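A short write-up of the structure that comes next.
Quick caveat, the model's predicted, so the values are computed rather than measured. Below, chain A is the first sequence line, B the second, and so on; all start at residue 1.
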2 protein chains.
Amino acid sequence: MRASDAAYTALQEEILEGSLPPGTVLGEVEQSQRLGVSRTPVREAFSRLVAAGLAVQHPRRGTVVTDISLEDVDRLFEVRIPLESQAASLAAQRGSAEVFTALAEEFDAAQLAPDAESHYRLAARMDQEIDAAVGNPYLSTMLSGLRVHLARVRRLAKDRPDRLARSAAEHRDICLGIASGDPQMAEAATRLHLRRSLGYISQQRQQLSEPEPAT
Amino acid sequence: MRASDAAYTALQEEILEGSLPPGTVLGEVEQSQRLGVSRTPVREAFSRLVAAGLAVQHPRRGTVVTDISLEDVDRLFEVRIPLESQAASLAAQRGSAEVFTALAEEFDAAQLAPDAESHYRLAARMDQEIDAAVGNPYLSTMLSGLRVHLARVRRLAKDRPDRLARSAAEHRDICLGIASGDPQMAEAATRLHLRRSLGYISQQRQQLSEPEPAT
DNA sequence: CATACCCCCAGTGTATACACAGAGGAGGCG
DNA sequence: CGCCTCCTCTGTGTATACACTGGGGGTATG
């Protein structure tokens with residue numbers, strides 16, 4: 001394992017997890033001491049964080065962790081919706097029906113016992129299969145760049161069990177669309193899912209601005 | 001100007017221009033001597049080239065300039081079409097009519113005197129205005145990442161004057177769609193333009209595989 | 001007392017030195 | 001004569017030293 005990779009992985013992890021909250025200034029010497037590597041790999045890790053959009057470099061002030069605001073969610077989905085729609089459409093044209101039929105059944109099962117962690121793990125596997133089916137490195141690269149930010153968005157929204165169950169059902173529909181080899185169905189199911197996801201997050205945004213109801 | 005930026009700019013320029021053809025192995029020491037900077041900024045430049053997709057790093061062989069094949073064009077357009085369509089649609093909703101009306105007139109004028117360089121410069125300005133109108137950093141970042149590769153594609157296709165004139169007309173239609181504030185018109189015009197661009201390139205691909213006719 | 005200038009320092013940008021790993025060639029052994 | 005092994009060399013990965021720039025604070029002067 002290269003030290004620069006280790007540094008990047010550690011920093012990305014901490015940013016996504018939240019232990020390095022937005023606004024944190026990352027000094028090269030500070031992080032190199034903390035991570036136990038030299039400044040050189042830390043510099044490289046910083047560059048990659050900036051390239052990924054997780055940090056910005058202020059000319060003489062160091063690199064600071066970027067903020068992921070609720071307004072960014074809209075911007076993110078403006079890119080995500082067309083890209084994932086296209087991916088689903090292409091996967092329907094190129095993917096193998098068996099793989100996605102199996103995935104659909106897994107989502108069906110998951111629908112009954114909603115669990116956040118296993119749900120996201122299954123969704124990640126679906127994304128992976130779609131990427132593989134599409135076979136477009138450019139698209140895969142962009143989507144993976146997007147998913148980093150979506151992981152941060154996830155921290156903004158609480159996962160209620162009913163939403164997880166619906167999400168699983170929507171994922172199942174996407175898989176069914178792909179498995180049936182119908183690009184338009186796959187795309188429509190994807191658009192539906194993403195609009196609903198966005199709607200759910202937006203709804204929570206409303207609730208966040210209001211005072212919290214008695215729990 | 002930082003040395004690392006200078007190194008990256010120089011290398012990117014040379015790769016896009018073709019003086020560093022695909023397959024070239026870039027050694028750190030070699031490039032640092034040639035560019036007159038140390039290995040450290042060269043390393044950073046290499047990282048950025050890899051992130052941009054212009055080079056890949058072979059474990060112990062150095063970083064080599066990637067190839068841009070004609071098959072890649074299809075993959076590229078599979079991403080480009082949905083992204084630019086979305087951008088045009090959003091620009092129609094958010095952009096100012098004056099800016100794009102003016103651009104449409106410029107394209108109209110350019111249609112009469114087709115010139116490759118000025119055409120691409122004008123098209124770049126349009127892209128810039130769309131980016132500004134959309135105001136979505138995620139979308140802009142992805143599009144700019146794509147445009148680097150599209151610049152390489154441009155070298156694969158010869159610009160015939162009649163194609164340039166048609167392209168100008170298609171750009172004009174996109175601008176008119178945006179200026180009229182009609183997202184669907186803007187998107188349709190964009191899709192039309194991109195399908196035609198792709199068709200033109202594919203057509204040239206056919207001709208490239210055939211023996212060249214007498215000039 | 002306020003403001004402007006200067007000095008100091010923190011931190012990054014760059015250069016260079018050192019370590020390590022893999023590949024290729026040459027030599028020895030079977 | 002062929003194959004295996006070891007050595008060397010090239011090139012990357014990492015560490016550290018040095019230079020420069022921008023900012024902040026302190027002091028002096030108006």
Output every pair passing ring-ring contact (aromatic ring centres under 6.0 Å, His included) with a member in residues 113-132 of chain B, not counting sequence neighbours, ordered by first then second residue.
->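 Residue pairs with at least one partner in residues 113-132 of chain B: B:H119-B:H171.
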Sequence neighbours left out, what pairs pass ring-ring contact (aromatic ring centres under 6.0 Å, His included) with at least one residue falling in residues 127-158 of chain A?
->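 The answer is A:Y138-B:H149, A:H149-B:Y138.
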In chain order, what residues pass the side-chain contact (heavy atoms from CB on, under 4.5 Å) check against A:T24, with sequence neighbours excluded?
->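 With sequence neighbours excluded, A:T24 shows a side-chain contact (heavy atoms from CB on, under 4.5 Å) to A:L20, A:P21, A:L26, A:V65, given in chain and number order.
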Contacts of type side-chain contact (heavy atoms from CB on, under 4.5 Å), residue A:S197, not counting sequence neighbours =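 If we apply the side-chain contact (heavy atoms from CB on, under 4.5 Å) test to A:S197, skipping adjacent residues, the hits are A:F77, A:R163, A:H193.
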Go through DNA chain D in 5' to 3' direction and return only the first and the last nucleotide with some atom under 4.0 Å of chain A's heavy atoms.
-> D:dG13 to D:dG22
A:E13 atom CD, neighbour heavy-atom count above 12 within 6.0 Å = no
What residue pairs, at least two apart or across chains, pass salt bridge (Lys or Arg N to Asp or Glu O under 4.0 Å) with a residue in residues 83-96 of chain B?
-> A:E78-B:R94, B:R80-B:E84
Which salt bridge (Lys or Arg N to Asp or Glu O under 4.0 Å) pairs, counting each pair once, include a residue from residues 122-147 of chain B, with sequence neighbours left out?
->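 Those involving residues 122-147 of chain B are B:E106-B:R125, B:D127-B:R147, B:D131-B:R147.
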List the atom pairs, donor and acceptor, that lie under 3.5 Å between side-chain atoms in residues 95-103 of chain A and the rest of the protein, sequence neighbours left out.
residue	atom	partner	partner atom	Å
A:S96	OG	A:V99	N	3.4
A:T101	OG1	A:A97	O	2.6

What is the distance, rounded to the nearest whole Å, between atom NE2 of A:H58 and atom P of C:dT12?
->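 Taking atom P of C:dT12 as the reference, NE2 of A:H58 is at 13 Å.
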Residues in contact with DNA chain C, drawn from residues 38-56 of chain B - heavy-atom cutoff 4.0 Å |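 DNA chain C contact set from residues 38-56 of chain B: B:S38, B:R39, B:T40, B:P41.
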